[in-house]
2 protein chains.
Amino acid sequence: MALEHAILVSLEERAGSGYELARRFDRSIGFFWAASHQQIYRTLKRMVERGWVTVEDVAQEGRPDKKVYRATDGGRAELTRWIAEPTEPATMRSELAVKIRGASLGDTDAVIDEIARHRAHHAERLDVYRVIEKRDFPDPASLRGQRLHQYLVLRGGIRAEQGQLDWCDELLDALNSDRDS
Amino acid sequence: MALEHAILVSLEERAGSGYELARRFDRSIGFFWAASHQQIYRTLKRMVERGWVTVEDVAQEGRPDKKVYRATDGGRAELTRWIAEPTEPATMRSELAVKIRGASLGDTDAVIDEIARHRAHHAERLDVYRVIEKRDFPDPASLRGQRLHQYLVLRGGIRAEQGQLDWCDELLDALNSDRDS
DNA sequence: GGTTGCTATGCGCCTAGTTGCATAGTAGCC
DNA sequence: GGCTACTATGCAACTAGGCGCATAGCAACC
């Protein structure tokens with residue numbers, strides 16, 4: 001399970017509340033490991049029980065009190081242990097692939113529409129990543145350590161989205177030609 | 001959920017037992033939607049209850065009796081309905097990305113080893129797909145209908161594995177340079 | 001006679017993740 | 001006063017999937 005470890009990475013970089021973590025996940029880490037706030041709260045609770053993080057109640061003015069979480073030495077040890085432990089590469093799961101395989105039995109036009117939807121989604125995502133790349137990493141060759149690692153993960157996102165986009169284009173080309181012929 | 005629909009696609013192409021489906025999933029459809037035999041048996045049972053498939057007990061000589069499943073009109077209707085229904089593109093989930101983000105806090109060499117392991121895995125997968133591509137689809141331009149769809153799904157697998165492979169190479173280059181400098 | 005391996009089925013428990021809902025304070029707007 | 005929006009927390013029920021285990025017939029080999 002990587003959610004706990006993704007949270008540990010985030011808390012290592014900076015302590016924060018469940019709410020703050022949820023927003024960070026919406027923006028950066030979450031691009032590569034999505035998590036809802038419910039999931040994060042539940043996981044944080046479990047991590048406190050395991051001694052990987054500590055909680056501190058922080059009273060706030062003008063807004064509800066919050067609980068700030070910090071990684072412990074135990075949490076850091078767990079993260080190091082997990083990083084060194086080999087994990088199986090995730091098997092590719094594509095609903096779109098299943099739909100394409102089923103296209104001959106159903107409505108090919110519906111499948112084409114669905115592919116177009118996915119294409120738009122990936123194009124949008126790619127655009128977001130490209131903006132981040134240009135804004136935050138204008139000189140990749142000079143990057144070292146943590147900043148380099150952030151950049152490399154972003155590169156993975158860019159490659160994945162570009163790959164999906166190219167596949168969608170190949171699909172649309174081929175299916176449209178097949179329909180028209 | 002796509003497992004039920006992946007099974008429906010497979011049963012449309014040819015009726016079969018749970019065991020046969022499990023083996024088909026090991027080979028073709030399972031490259032893009034993995035499923036264990038336990039999962040398939042459980043799902044088939046549910047699909048019978050819903051009226052999407054029918055079962056027929058078939059006595060065999062020299063081997064245990066089997067239950068052959070066949071898609072019903074209801075199953076075909078469900079498949080058509082599902083194909084036309086928009087589904088959200090799956091959010092990318094990469095444990096490797098989380099490990100890279102955590103590399104600065106742990107053992108960079110362990111992360112590099114892990115990346116090398118993933119690289120080997122994707123190279124092997126890509127090789128399998130390339131062999132299938134050459135063997136089963138020597139003349140892609142001539143493909144129509146179902147055969148074309150099979151080919152296009154395979155193309156998605158090739159693109160995905162190639163993309164992961166390239167990313168792994170970029171990662172290894174960058175992390176090794178960073179470590180040596 | 002014993003072991004291994006293939007075909008064939010399935011249960012039970014657990015974890016991870018999703019969905020929907022609930023609560024509650026503050027602040028700004030109309 | 002009522003509405004909306006943001007901050008902040010969390011539970012309950014459900015779905016999907018993974019892991020381990022169990023059963024059992026038949027064939028081939030040693």
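In what follows, chains are A, B, ... by sequence order, proteins preceding strands, each numbered from 1. All values reported here derive from a predicted model rather than from experimental measurement.
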For residues 134-142 of chain B, tabulate all N or O donor-acceptor pairs below 3.5 Å that involve a side-chain atom, not counting sequence neighbours.
unit_1, atom_1, unit_2, atom_2, d
B:Asp139, OD2, B:Ser142, OG, 3.2
B:Ser142, OG, B:Asp139, O, 2.8

Next item on the list: Supply the atom-to-atom distance A:Leu21 CG to A:Leu11 CG, rounded to the nearest 0.5 angstrom.
Entry: 5.0 Å
Notebook entry, point to check: Are any non-hydrogen side-chain atoms of B:Phe31 and B:Ile132 less than 4.5 angstrom apart?
Noted result: yes
Item checked: A:Arg144, A:Gln150, A:His149 screened by side-chain hydrogen bond (donor to acceptor under 3.5 Å, both in side chains) with B:Ser104, the one that passes -> A:His149
Next item on the list: May I ask you to verify if any side-chain N or O of A:Lys45 is less than 4.0 angstrom from the OP1 or OP2 atom of D:dT9?
Entry: no
Check: Is a donor on one side and an acceptor on the other found under 3.5 Å between the side chain of B:Thr80 and the backbone of B:Arg76?
Finding: yes
Margin query: Regarding B:Glu170 and A:Arg159, does a basic nitrogen lie under 4.0 Å from an acidic carboxylate oxygen?
Written below: yes
Check: What does nucleotides 12-24 of chain D look like as a protein-contact string, B for base, S for sugar-phosphate only, - for none, at under 4.0 angstrom between heavy atoms?
Finding: ----SBB-BB---
Next item on the list: Give, ordered by number, those residues of residues 5-20 of chain B having at least one heavy-atom distance below 4.0 Å to an atom of DNA chain C; if nothing qualifies, reply none.
Entry: B:Ser17, B:Gly18, B:Tyr19
If you look only at distance, which donor and acceptor atoms sit under 3.5 Å apart when one is on a side chain in residues 47-54 of chain B and the other is two or more places apart or in another chain?
unit_1, atom_1, unit_2, atom_2, d
B:Arg50, NH1, B:Glu4, OE1, 3.3
B:Arg50, NH1, B:Glu4, OE2, 3.2

Note to self: Between P on D:dT9 and CD1 on A:Ile40, what's the gap in Å once rounded to a whole number?
What the structure shows: 11 Å
Note to self: Measure CG/A:Leu44 against P/D:dG10 and give the value in whole Å, please.
What the structure shows: 9 Å
Check: By side chain to side chain contact (heavy atoms under 4.5 Å, CB included), which residues pair with A:Asn176, not counting sequence neighbours?
Finding: A:Ile112, A:Leu172, A:Arg179
Check: Got a sec: does the CD of B:Glu88 have more than 12 other heavy atoms crowding it under 6.0 Å?
Finding: no
Margin query: With heavy atoms of chain A within less than 4.0 Å as the criterion, where does contact along DNA chain C begin and end?
Written below: C:dA16 to C:dA27
Next item on the list: Give a yes or no on this: more than 12 heavy atoms of other residues, nucleotides or ligands lie within 6.0 Å of atom CD of B:Glu124.
Entry: no
